[in-house]
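Okay, so here's the structure we're looking at.
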Amino acid sequence: MRWLPLFLGAARLAVAASTTTETETEDEVKVYTKFNDVPVPPLIELTPDNWEKESKASKWLMVKHYSPYCPHCIDFAPTYQTLYEFYYTSKPVGDENANFTTFYDFRFGTINCVAYYDLCSAHKASSYPTTTLYKNGEQVAALKGVKSMPVLSEIVEKALEATKPGSRPAKLELPKPGEIVAPGYVPKVAAPQDTKETSNVDIAKDVPKVDLVKDSATVEQPVKDTFITGNDEYLMPTPKTEDKATEKVVDKVVDKAADKATETKATETKAVESKAASKADPSTEATAKIEKAKGKEEEEKKKSTSPAYYEAPAVAAAAAASIKGNKPKTTPNPNGISQPLTAESFQSQVTMTQEPWFIKFYAPWCHHCQAMAANWAQVAREMKGRLNIGEVNCEQEARLCKDVRVTGYPTIQFFRGGERVEYTGLRGLGDFLAYAEKAIDISKGVQDVDAASFKALEEKEEVIFVYFYDHATTTEDFLALERLPLSLIGRAKLVKTRDPELYDRFKITTWPRLLVSREGRPTYYQPLTPNEMRGTRQVLNWMKSVWLPIVPEMTASNAREIMDGKIVVLGLLNRDDEESFNGAIREMKSAASEWMDKQIQLFQLERQELRNAKQLRIEEAEDRNDQRALRNAKNIRINMDRADRKEITFAWVDGVFWQRWIRTTYGIDVKDTGDRIIINDEDNRRYWDQTTTGNPIVPSRTSILETITKISQNPLNIKPKLTISAFEKLFFDIRMTFSEHPYLSMGCILGIAFGCLSWFRNSARAQRRAGHGTHFKLEEGGIGAPSEKGSTGGFIQSVFGGSGGSSNGPKAD
């Protein structure tokens, strides 16, 4: 008996180990495709961790270097996948039982160059896609760009023939990209099974075993405890329990199986009927098996569940009380009118509740407010029963308007509880309604999505912020998350997820994590510490920098946001010509994606160079055993601040709607010239509309990329044009110089002023000297100027008086 507890403990460990092994095995299940009805494993995903091992695991290795956001890589993907499947299932001549991989020692793989840039850089893959063939880990051939199946096959065939001479067919028929069978393949027909034996299957035994036990397990899994965040539910898994809902579903499954068994017995032969009748009632047997399986699973769950696991719902309940607040119990805006609000009603109906409100602050004498009144009343009618619409007269409620920081009329704000955001869009009816629709959606809380719902959302939204969390995410994290949606109204969608499939897609390994997906292209929020993830202001500043689509439409409301401080590749497009418009947008998105990929590569390369320089300093200090230099080298901070470089972004504008502005600013009329591209530098009032060859820039990936590359290196490589006159440009440059270099400009002005003052002072002195006779004039009666009679008596007489020296006096002897 003394050994019994030890024996039981060892048995439990063995069961746990086997369970873990089974779970890991299930997690590692790979998704196979089929070609020629043969299962094909997925391509080998190569990383820096497994490269050395995988590159030496076979003699030949063909690798595709790609970016998941590159349109050319996306187009090339079916070709490369079909090439791999075709060769994986192919057979050498004369040996139908041989396995391609082992016979030729040839494998296929891929490298994601966005995730593993350093590895691609080491392989000298400077453009995507690049397909490289390696022999024993050494590169033997490389193909850059999108290549056809015959071009790729030619390289593969040479390698195969070199490995096994004479084993390749003289003529090879290749499939087209995306096909699942090779040309001329005849599918094998399965041999018919013995229907008699099949008909004699024990129905009573078969139905519960295959369907019901599986269904019962499926029934129990969705049971979760929930707590409310905003108006959304945060799902947290809890141990499976016997509740009434589960019992009802299980009973329904059992009844369904019993009905199925009854219908089957009615259609079978008499022999089957008699055999089925001799068995126990199938529904009873199914119920017994389900109860037994559930009881066993419940017992194991109780053993493996720690007390800490049950603490989460308690914390969640506390969070619910603080986040949920007072849910609206009445229908919003039941009468379809804009409700006048006072300070008292504003506090009781707006700030003290969680009901969303769209409120206008106005003054009766304001002409803009009077012009907007009709649209505002129509918004209230359209939002009847959906969104509260209100208005505050700031002449009567001056203190309230001051508290909400109203600085001009009209001011429009959206409120939910104590949080608010100002509406800055246009004031047309359609603009108001579009904003209100998005406000209703966001005010429901942060939606929880899985991979399927996220994919559907990507088809509707251009910009989606995704918050990844797990079971360890705290209440403070969710509270911080709930403060973000208001600022995103009319900008982007914010969702949260804990779907493992989305973890894998976006390479998420730490939680919580935030990113933005634009056109399926992720941009990550870099800070990871709890304080940085919960800092609403810091997160919102990052969101503002990335919440525009990759190629947004420029309108009057977002023009400043798009143009200021950036060099913008602006497409002047005609929306009426649908085919041309769609092609131009596609080309601009392709160019934008490729340019962003290039900038990421340059950023990573620059960072690596700085890291290498730091490491060299550290090694040098270690070699000299200079501890002071070593400390200084280790304290070097790698600064990747790119504030001194202008960002290059992309946008488009409706050339017909904005025809007058485009013609006066850029001298282009889309109706006459067709779709055009201009590269605008708003800060310097200049633009470029020609390539290096002097041709107009058209909506073409090649034309755009070659031009912005030159401009980014040196804006003077291509002569720019001005959006203002030369006279205006002079004053504009002076003003910009003062704003950018105020101290230097002030010093220059003071220097010029001092120089001018000195010049005037010297001129004045010269004039005063000339006016006061500071030099003697040699003339009659002057010094050294003898008179006609040769006497100097005039000067003496003028000084001393008298007539001495006069020529008319008596002469001395």
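All residue numbers refer to positions in the sequence shown, counting from 1.
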Check your understanding: Around K566, counting heavy atoms of other residues, nucleotides and ligands shown, do more than 12 lie under 6.0 Å from its NZ?
Key -> yes
Point to revise | Min side-chain heavy-atom separation F650-I550 under 4.5 Å | key: no
Review point. Quick check: does any side chain N or O of S90 sit under 3.5 Å from a backbone N or O of Y87, one acting as donor and the other as acceptor?
Key: yes
**Study point:** Separation between OG1 of T89 and CG of N99, rounded to the nearest 0.5 Å
**Key:** 10.5 Å
**Study point:** Verdict with supporting geometry, K598 and E594, side-chain contact (heavy atoms from CB on, under 4.5 Å)
**Key:** CA-CA 6 Å; K598 182 179 179 181; E594 191 163 339; 5.9 Å; no
Review point. Between Y116 and H123, is a side-chain contact (heavy atoms from CB on, under 4.5 Å) present by the stated rule, with each step listed?
Key: CA-CA 11 Å; Y116 310 114; H123 293 175; over 6 Å; no
Check your understanding: Any side-chain heavy atom of Q601 sitting closer than 4.5 Å to one from Y117?
Key -> yes
Exercise for review: Would you name the heavy atoms of M543 and L514 that are closest together and state the gap between them?
Suggested key: CE-CD2, 4.1 Å
Exercise for review: Compare all side-chain heavy atoms of L160 with those of K164 and state whether any distance is below 4.5 angstrom.
Suggested key: no
Review point. Does N612 use its side chain to pair, donor to acceptor, with the backbone of Q608 at less than 3.5 Å?
Key: yes
**Study point:** Positive for side-chain contact (heavy atoms from CB on, under 4.5 Å) with I704, one of T691, V698, I679, V569
**Key:** V569
**Study point:** Sidechain-backbone polar pair: H65 side chain, C120 backbone, donor-acceptor under 3.5 Å
**Key:** no
Exercise for review: Pick out which of W51, F108, F106 makes a ring pair (Phe, Tyr, Trp, His ring centres under 6.0 Å) with Y134.
Suggested key: W51
Check your understanding: About how many Å separate CD1 of I711 and CG of D681, when rounded to the nearest 0.5 Å?
Key -> 9.5 Å
Review point. Going by distance alone, is a donor N or O of one side chain under 3.5 Å from an acceptor N or O of the other, for S121 and D118?
Key: no
Point to revise | CA sep, side-chain torsions, deciding dist, call: Y503, T497, side chain to side chain donor-acceptor pair (under 3.5 Å) | key: CA-CA 9 Å; Y503 292 167; T497 184; over 6 Å; no
Check your understanding: Out of curiosity, D448 CG to S453 OG, how far, rounded to the nearest 0.5 Å?
Key -> 8.0 Å
**Study point:** R617, CZ atom: more than 12 neighbouring heavy atoms under 6.0 Å
**Key:** no
Practice item. Could you grab the distance from atom CG of D75 to atom OG of S590, nearest 0.5 Å is fine? Key: 8.5 Å
Exercise for review: Indicate whether the side chain of E179 and that of Y185 have a donor and an acceptor atom separated by less than 3.5 Å.
Suggested key: no
**Study point:** Ionic contact status for D597 with R521, cut-off 4.0 Å
**Key:** yes
**Study point:** pair M554-V568: side-chain heavy atoms closer than 4.5 Å
**Key:** no
Point to revise | R534 side chain reached by T474 side chain, heavy atoms, under 4.5 Å | key: yes
Practice item. Using a strict cut-off of less than 4.0 Å between a Lys/Arg side-chain nitrogen and an Asp/Glu carboxylate oxygen, indicate whether E501 and K455 qualify as a salt bridge. Key: no
Review point. Does atom NZ of K544 have more than 12 heavy-atom neighbours from other groups under 6.0 Å away?
Key: no
Check your understanding: Is there a side chain to side chain donor-acceptor pair (under 3.5 Å) between S517 and R505 once you walk through the steps?
Key -> CA-CA 12 Å; S517 175; R505 173 181 170 181; 4.9 Å; no
Practice item. Taking atom NZ of K710 as the centre, report whether more than 12 heavy atoms of other residues, nucleotides or ligands fall under 6.0 Å from it. Key: no
Point to revise | W60 and T163: side chain donor to acceptor below 3.5 Å | key: yes
Practice item. Would you mind telling me which of V466, T473, L481, V449 makes a side-chain contact (heavy atoms from CB on, under 4.5 Å) with K496? Key: L481
Study note, to complete from the structure: In terms of heavy-atom contacts, I155 and M62 come closest through CG2-CE, 4.3 Å
Practice item. Decide yes or no for I697 and R676: does some side-chain heavy atom of the first lie under 4.5 Å from some side-chain heavy atom of the second? Key: no
Practice item. Go through the steps to decide whether I677 and S703 satisfy the test side-chain contact (heavy atoms from CB on, under 4.5 Å), and finish with yes or no. Key: CA-CA 9 Å; I677 298 291; S703 179; over 6 Å; no
Revision key, fill the gap. Heavy-atom closest pair (P175 atom, M149 atom, distance to 0.1 Å) is O-CE, 3.4 Å
Check your understanding: Run the side-chain contact (heavy atoms from CB on, under 4.5 Å) check on I708 and W688 step by step: do they pass?
Key -> CA-CA 10 Å; I708 61 176; W688 295 263; over 6 Å; no
Point to revise | Closest non-hydrogen atom pair between A451 and D499, with its separation | key: N-OD2, 2.7 Å
Check your understanding: If we ignore angles and hydrogens, is there a donor and acceptor under 3.5 Å between the side chains of D49 and T47?
Key -> no
Point to revise | Student check: side-chain heavy atoms of I508 and L502 closer than 4.5 Å | key: no
**Study point:** Euclidean distance, C113 SG relative to Y69 OH, rounded to 0.5 Å
**Key:** 12.5 Å
**Study point:** Salt bridge present between E461 and K493 (N-O < 4.0 angstrom)
**Key:** no
Review point. Without hydrogens or angle criteria, can the side chains of R168 and Y104 be said to hold a donor-acceptor pair below 3.5 Å?
Key: yes
Check your understanding: So, for E85 and T33, which heavy atoms are closest and what is the spacing to 0.1 Å?
Key -> OE2-OG1, 2.8 Å
Point to revise | Single hit among L630, I636, N632 for side-chain contact (heavy atoms from CB on, under 4.5 Å) with I618 | key: L630
Review point. Under 3.5 Å, is there a donor-acceptor pair between the side chain of R107 and the main chain of T101?
Key: no
Practice item. Describe, in one word, how the ring planes of F35 and F86 are oriented to each other, choosing from parallel (under 30°), tilted (30 to 60°) and perpendicular (over 60°). Key: perpendicular
Review point. Rounded to the nearest 0.5 Å, what separation is found between the OG atom of S153 and the CD atom of E173?
Key: 12.0 Å
Point to revise | Heavy-atom donor-acceptor pair, K91 side chain to N97 backbone, under 3.5 Å | key: no
Check your understanding: Does a side-chain N-to-carboxylate-O contact under 4.0 Å join K507 and E45?
Key -> no
Review point. E54 and L61: which non-hydrogen atoms are nearest, and at how many Å?
Key: O-CD2, 4.2 Å
Review point. Which of these passes ring pair (Phe, Tyr, Trp, His ring centres under 6.0 Å) with F465: F454, W542, Y525?
Key: W542
Point to revise | Side chains of V539 and M533 in contact at under 4.5 Å (non-hydrogen atoms) | key: no
